[in-house]
Structures are given as structure tokens and as C-alpha cells.
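Here is the structure we will look at, set down as C-alpha cells.
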Amino acid sequence: MSEISANQNKIDPAAMFKFSYGLFVLTAKDENKDNGCIINTAIQVTSSPLRMSIAVSKANYTHDMILKTGVFNISILDTRVPFKVFEHFGFKSGRDTDKFADCEHNNRTENGLRYIPKYTNCVISGKVTDIYDYGTHTIFVADVTESIVLSPEPSVTYQYYFDNIKPKPQQKAADSPEKKKGFICKICGYVYEGDVLPDDYICPLCKHGASDFEPL
């Protein structure tokens, strides 16, 4: 019996319906600590075998951990999630800190990786089968080895994040002298000043690429 077949009883198909064009906490691990970052691309690619793909910026330390170990978890965030979760997992480096050190519970899937039990509607584990290099990002294709539904709450979509979670930028005064030229990161609000944003630009705060910026 194949490993995937043997793990079918660990997979709740309902978890796969929680995927959306939304935001996820990606978890990986090195020798000493768990690490996590925010990603916005995770999709199911086949149903038999049950397989998914994720896109991860090479600037994230979590990316290097997945290359080394070949396993990961994604916690699919739901609409209860506060902005502090995005600040913690999205805007801070995990190279020198354990991002799960302050978690309330030591929750792990069978691959040994942590996941977020709070503000998450399900957790899905993957074992990498294929790797594709796309410049600033890597696409990891993985067999789904475990999926657990944690709550019936809907997933956070981009639109919900922008409308209800992300702090609104301060409005400029009507008599503001000159409008600044540049681009703003839709994820964390970082401002890049300049007339042209390079195609390979990576946000220095949340590590998302140029596609997640919009003109000021």
C-alpha cells in the first residue's frame, strides 16, 4: 500500500473546500525551531492523487526550510483573525526567532510541524514532490498527507483582509503640498518611492513581490 493511500484516513476532504484566493500561514522547521510566514497562493492541483501547490518568495527563511526538509503545513486563516497575526508572521524575520514560541498550544500534525489552532479554519500538510523555479519565487507541488477541519468559519479573502483587517492608511490633508510618487504594498503598507517599480522588487517588510504593489 502506498504512503498516500495509507494516509487517506487522515484527510478530511472538507478541508480542501476552504482554499480561496486568500491568506495562509505557511509553517516549516529547521533543526531547532519552527518558522512561519504569510503566503497568498495555495491551490489544489489534482484530486487523485490529492495534490496541492504553493508559491513562496525566496526571500523568506521558510522557503529555505522547505527546500531542506520537503514538508510544510498551511494554516488557512479565517475571518476572526486580527491584524496582529499578519504582523507576527508576515512582517518579521524568523531567522533569529521562533515565531511559535508564544503560541498557546503545542499543536503539531503528523509530519511534526506546528500549526495555528486559533483563527484557523483548517490545517493541511504537504510532502513536496516537485519544485519549480520562477525567479523571485519557488513553486512547490506536494502530496496532501493530512488535512484537518478546525472550524466552520469562512476563509479570509484578499477583499475581506483589505476591508476589515488591514488598518486604513491615514488620509492626506486636502492642502497637502505635492503628491508623492511611488507604489504601496497592498499587504503591509510599505511605500516604495519612485516612478517605476522593478518587476523583481521584493517588499523589505513582508517579502511579497511587485505584483502585490499598487500606485499611490
Side-chain angles (χ1 to χ4, degrees), residues 15 18-30 32-43 52-69 71-109 111-126 136-138 140 142 147-148 150-151 153-167 185-190 202-209 211-213:
K18 296 291 188 179
F19 277 128
S20 64
Y21 185 66
L23 299 165
F24 316 89
V25 173
L26 173 68
T27 308
K29 184 178 176 65
D30 65 11
N32 302 311
K33 64 178 182 294
D34 297 273
N35 193 43
C37 68
I38 300 290
I39 63 170
N40 61 359
T41 306
I43 60 173
M52 63 180 293
S53 71
I54 58 173
V56 188
S57 169
K58 294 178 182 178
N60 277 318
Y61 185 42
T62 312
H63 170 277
D64 300 339
M65 293 179 171
I66 297 173
L67 278 179
K68 184 176 181 179
T69 64
V71 293
F72 62 84
N73 288 341
I74 61 166
S75 299
I76 303 180
L77 298 173
D78 65 41
T79 51
R80 301 169 298 170
V81 63
F83 187 67
K84 66 180 181 181
V85 171
F86 295 93
E87 289 181 301
H88 183 71
F89 286 100
F91 312 152
K92 300 175 182 178
S93 173
R95 293 183 185 275
D96 301 316
T97 59
D98 184 344
K99 290 193 178 182
F100 286 86
D102 298 327
C103 279
E104 298 174 4
H105 306 287
N106 188 27
N107 293 274
R108 295 184 184 275
T109 54
N111 63 13
L113 300 181
R114 299 288 294 272
Y115 65 91
I116 303 179
K118 197 172 182 180
Y119 313 124
T120 299
N121 57 29
C122 70
V123 59
I124 298 175
S125 300
T136 60
H137 286 66
T138 296
F140 295 100
S147 63
I148 308 166
L150 300 177
S151 87
E153 298 291 330
S155 303
V156 171
T157 62
Y158 251 142
Q159 194 61 50
Y160 189 91
Y161 171 77
F162 293 140
D163 293 344
N164 301 283
I165 300 175
K166 183 177 180 292
C185 178
K186 295 185 293 184
I187 303 300
C188 71
Y190 176 81
I202 298 295
C203 178
L205 292 184
C206 67
K207 308 304 181 187
H208 281 248
S211 61
D212 286 316
F213 279 74

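- Of the inter-residue distances, the one linking Ser75 atom OG with Arg114 atom CZ reads 10.5 Å to the nearest 0.5 angstrom.
- For the pair Pro82/Tyr119, a side-chain contact is recorded, criterion being any heavy-atom separation below 4.5 Å from C-beta on.
- Test Thr79, Asn121, Asp78 against Ser155 for side-chain hydrogen bond (donor to acceptor under 3.5 Å, both in side chains) and you get one pass: Asn121.
- Of all non-hydrogen atoms in Thr62 and Gly36, the two that sit nearest each other are OG1-C, 3.8 Å.
- Side-chain rings of Phe140 and His63 approach one another, their centers coming within less than 6.0 Å.
- Using a 4.5 Å heavy-atom cutoff, the side chains of Phe83 and Val85 are not in contact.
- Atom CZ of residue Phe213 and atom SG of residue Cys185 lie 4.5 Å apart, to the nearest 0.5 angstrom.
- For Ser53, the side chain to side chain contact (heavy atoms under 4.5 Å, CB included) partners are Ile43, Val45, Ile139, Val141, not counting sequence neighbours.
- Residues Cys122 and Ala15 share a closest heavy-atom pair of SG-O, 3.6 Å.
- Nearest heavy-atom pair across Lys33 and Tyr61 is NZ-CE2, 4.1 Å.
- His208 contributes atom NE2, which lies 7.0 Å from atom CG of Asn60 (distance to the nearest 0.5 angstrom).
- Contacts of Lys29 classified as side chain to side chain contact (heavy atoms under 4.5 Å, CB included), with partners at least two apart in sequence or in another chain: Asp34, Arg108, Leu113.
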For this session: Determine, stepwise, if the pair Ile54 / Thr41 fulfils side chain to side chain contact (heavy atoms under 4.5 Å, CB included).
Result: CA-CA 6 Å; Ile54 58 173; Thr41 306; over 6 Å; no
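- Taking the side chain to side chain contact (heavy atoms under 4.5 Å, CB included) definition, one finds that Tyr158 meets it with Tyr21, Leu23, Asn40, Phe162, Ile187, Asp212, sequence neighbours left out.
- Residue Ile74 comes nearest to Met52 through the heavy atom pair CD1-CE, 3.6 Å, listed as atom of the first residue, atom of the second, then distance.
- Within the 4.5 Å cutoff, the side chain of Phe24 has no heavy atoms near those of the Ile38 side chain.
- Remark: Tyr115 OH to Ile76 CD1 distance equals 13.0 Å, nearest 0.5 Å.
- The two residues His137 and Ala55 have their closest heavy-atom pair at CD2-C, 4.4 Å.
- A heavy-atom distance below 4.5 Å is found between the side chains of Lys58 and Thr138.
- Between the side chain of Lys18 and the main chain of Glu153, a donor-acceptor pair closer than 3.5 Å is present.
- Contact record, Ile124 with Ser147: CG1-CB, 4.0 Å, taken as the closest heavy-atom pair.
- At least one side-chain heavy atom of Ile165 sits less than 4.5 Å from a side-chain heavy atom of Val81.
- Just one of Asn107, Val25, Leu26, Val123 meets the side chain to side chain contact (heavy atoms under 4.5 Å, CB included) condition when paired with Asn73; it is Val123.
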For this session: Start with the C-alpha gap between Thr109 and Asn111, add the side-chain angles, then the distance that decides, and say whether side-chain hydrogen bond (donor to acceptor under 3.5 Å, both in side chains) holds.
Result: CA-CA 5 Å; Thr109 54; Asn111 63 13; 2.5 Å; yes
For this session: Applying side chain to side chain contact (heavy atoms under 4.5 Å, CB included), run through Thr120 and Leu77 and close with a yes or a no.
Result: CA-CA 4 Å; Thr120 299; Leu77 298 173; 4.2 Å; yes
